[in-house]
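Only one structure is covered here, and it is reproduced in the block below.
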Amino acid sequence: MRVLVIGGGGREHALAWKIADSPLVDQVYCAPGNAGIAEVAECVPIAPGDILRLRRFARENAIDLTVVGSEEPLVKGIVDSFATAGLRVFGPTREAARLEGSKVFCKQLMQRHGVPTAEFRTFNGPERAKSYLEMIGAPVVVKADGLAAGKGVMVAKTLEEAEAALAECFVVRRFGDAANVVLIEEYLEGEELSLLSIVSGNQVLPLAPAQDYKRIFDGDEGPNTGGMGSYSPVPSVDDALYERLVDEIVRPTVAEIARRGIDYRGVLYAGLMLTDRGPEVLEFNCRFGDPETQALLPRLQSDLLELLWTAARGETLPAAAEWSKGPAVGVVMASGGYPGSTSKGDPIIGLEKAWAVNGVEVFHAGTRRGPDRRLVTAGGRVLTVTGLGDTFAQARARAYEGVAAISFTGEQHRTDIALRAEEWEARR
Ligand code: AMP
Ligand code: GLY
């Protein structure tokens, strides 16, 4: 098979790396890719949002399956566009991608089936929103309805912060039309969890649970980022809870999507909060998570390409995937200044040494080759270093040994990725 992966982050490196490993594969392309992806796939310089050029490339290169990394092309309708040219994509149609593209759509879909989620109200102007805020008080969460590059969710600890968030939406118009409608949502407390499933029509293949770290600094301090690390599986999620999450959250959501006549083929990513009153949904995404994918795929023993190809054709999925027993821990190394504006072009030293650590995989995100072929940073998140081991202690130690081997100017990473899981393991 000839496969095209769309994107150029750590998630797409993990996808391309795993797909390249499949006995079914003849050739992997990636648009636009990065310096690490170039080692497992042929990179083509087309932006993920340029659907027409991507479609032409796929047609001219007889691509059998296109796998989309980020939500942007999905929400823009890449699946629908490719279908008109008889091309298969692993990912939902534009209509189905509204699950991620519109938070109001997503909330209404959950309500319909009693899928547990935070209480919310929607507003299309500041006045009523403000009086509602005054009524319910803080902490509270203000969310732009549409896609806002991961910045449209504002957790407000005080009423002042909440009002400022409303002003960002309605007065400053920071998110443009994405915040024409704003949700004010009950603040949920607990442990966060990512549960990704491969969906083929009304069938669900749940993947192993994963944990994602959103804040930049240790101890969940500082601003939100695209994700600073992840691990899988999650030891606090026992079999009973896992089944409950699948039966009470994932399956009813997929059933409701199918009931609406939507043929969903792709990843359904449930962002969950394990609260005192039980698990609740924070959001659904319509694609693989970054950096969850960098912890999930190194443990996957099943043939990923076969699963994606099965789902893309709407065929029958196996009931479960095969996983290696031991856990995986992925630590993100980011450029100086991230998540604000970051430096670029800094030489990256020590990758070979990191690769040499037993049980370590290095996934590239913001990397490129300089004029002299030297590996340099390209800003934002630069690498995810994933350690595999028999225990969390071992997987963590390996991941951090890999991290310690690598350096670039301004480099930042968290030191507490999967520490909770290691402590949990030690208590048993
Ligand atoms: P989202 O983009 O919806 O995943 O939101 C980004 C982050 O905001 C989540 O990962 C949570 O950490 C936080 N968040 C979103 N909704 C809520 C909520 N209702 N209560 C508490 N935190 C939330
Ligand atoms: N890890 C969060 C996301 O992919 O949205």
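Indexing begins at 1, ligand by ligand and atom by atom, following the structure's order. Computed from a predicted model, the values in this text were never measured in an experiment.
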**Prompt:** Under the side chain to side chain contact (heavy atoms under 4.5 Å, CB included) test, which residues partner Ser324, sequence neighbours left out?
**Reply:** Arg299, Gln301

**Item:** Atom indices of ligand 1 within 4.0 angstrom of Glu186 heavy atoms, with elements
**Value:** 18 (C), 19 (N), 20 (N)

**Request:** Report the part of Gln211 in contact with ligand 2, treating N, CA, C, O as backbone and CB onward as side chain, heavy atoms under 4.0 Å; options are side chain, backbone, both, neither.
**Result:** neither

**Message:** Tell me whether Glu185 has any N or O atom under 3.5 angstrom from an N or O of ligand 1.
**Reply:** yes

**Asked** Hey, does Ala118 come in under 3.5 Å of ligand 1, counting only N/O atoms on both sides?
**Response** no

Indicate yes or no: does an N/O atom of [X] lie under 3.5 Å from an N/O atom of ligand 2?
X: Asp290; value: yes
X: Lys214; value: no
X: Asp212; value: yes

I'd like to know whether [atom1] of [X] has more than 12 heavy-atom contacts from other residues, nucleotides or ligands below 6.0 angstrom.
X: Asp238; atom1: CG; value: yes
X: Glu191; atom1: CD; value: yes
X: Arg259; atom1: CZ; value: yes

**Message:** If you take the centroid of each ring, where Trp contributes its six-membered ring, are Phe284 and Tyr269 closer together than 6.0 Å?
**Reply:** no

**Asked** Under 6.0 Å between ring centres, would you say that holds for Phe123 and Phe170?
**Response** no

Candidate with minimal heavy-atom separation from [atom], of [options]:
atom: atom 16 (N) of ligand 1; options: Glu189, Lys214, Lys103, Lys143; answer: Lys143
atom: atom 11 (C) of ligand 1; options: Met273, Glu192, Arg215; answer: Glu192
atom: atom 4 (O) of ligand 2; options: Arg287, Glu292, Arg11; answer: Arg287

**Request:** Among Glu248, Glu256, Arg251, find the one that has a side chain to side chain donor-acceptor pair (under 3.5 Å) with His113.
**Result:** Glu256

Looking only at protein heavy atoms, which one is nearest to [atom], and how far off is it?
atom: atom 20 (N) of ligand 1; answer: Leu188 N, 2.8 Å
atom: atom 8 (O) of ligand 1; answer: Val153 CG1, 3.5 Å
atom: atom 4 (O) of ligand 1; answer: Glu283 OE2, 2.5 Å
atom: atom 13 (C) of ligand 1; answer: Val155 CG2, 3.9 Å
atom: atom 23 (C) of ligand 1; answer: Leu282 CD2, 3.9 Å

**Request:** Considering the heavy atoms of Gly289, write down every atom of ligand 2 situated less than 4.0 Å from one of them.
**Result:** 4 (O)

**Request:** Pull out every atom of ligand 2 sitting under 4.0 Å from any heavy atom of Asn285, numbered as shown with elements.
**Result:** 5 (O)

**Message:** Just so I know, are the side chains of Leu268 and Val250 near enough to count as touching, which here means a heavy-atom distance under 4.5 Å?
**Reply:** yes

**Fill in**
Separation between CZ (Arg420) and CH2 (Trp424), nearest 0.5 Å, reads 13.5 Å

**Minimum heavy-atom distance Phe105-Ser102, with the two atoms named** = N-OG, 3.1 Å

**Item:** Geometric class of the Tyr213/Tyr231 ring pair [parallel <30°, tilted 30-60°, perpendicular >60°]
**Value:** tilted

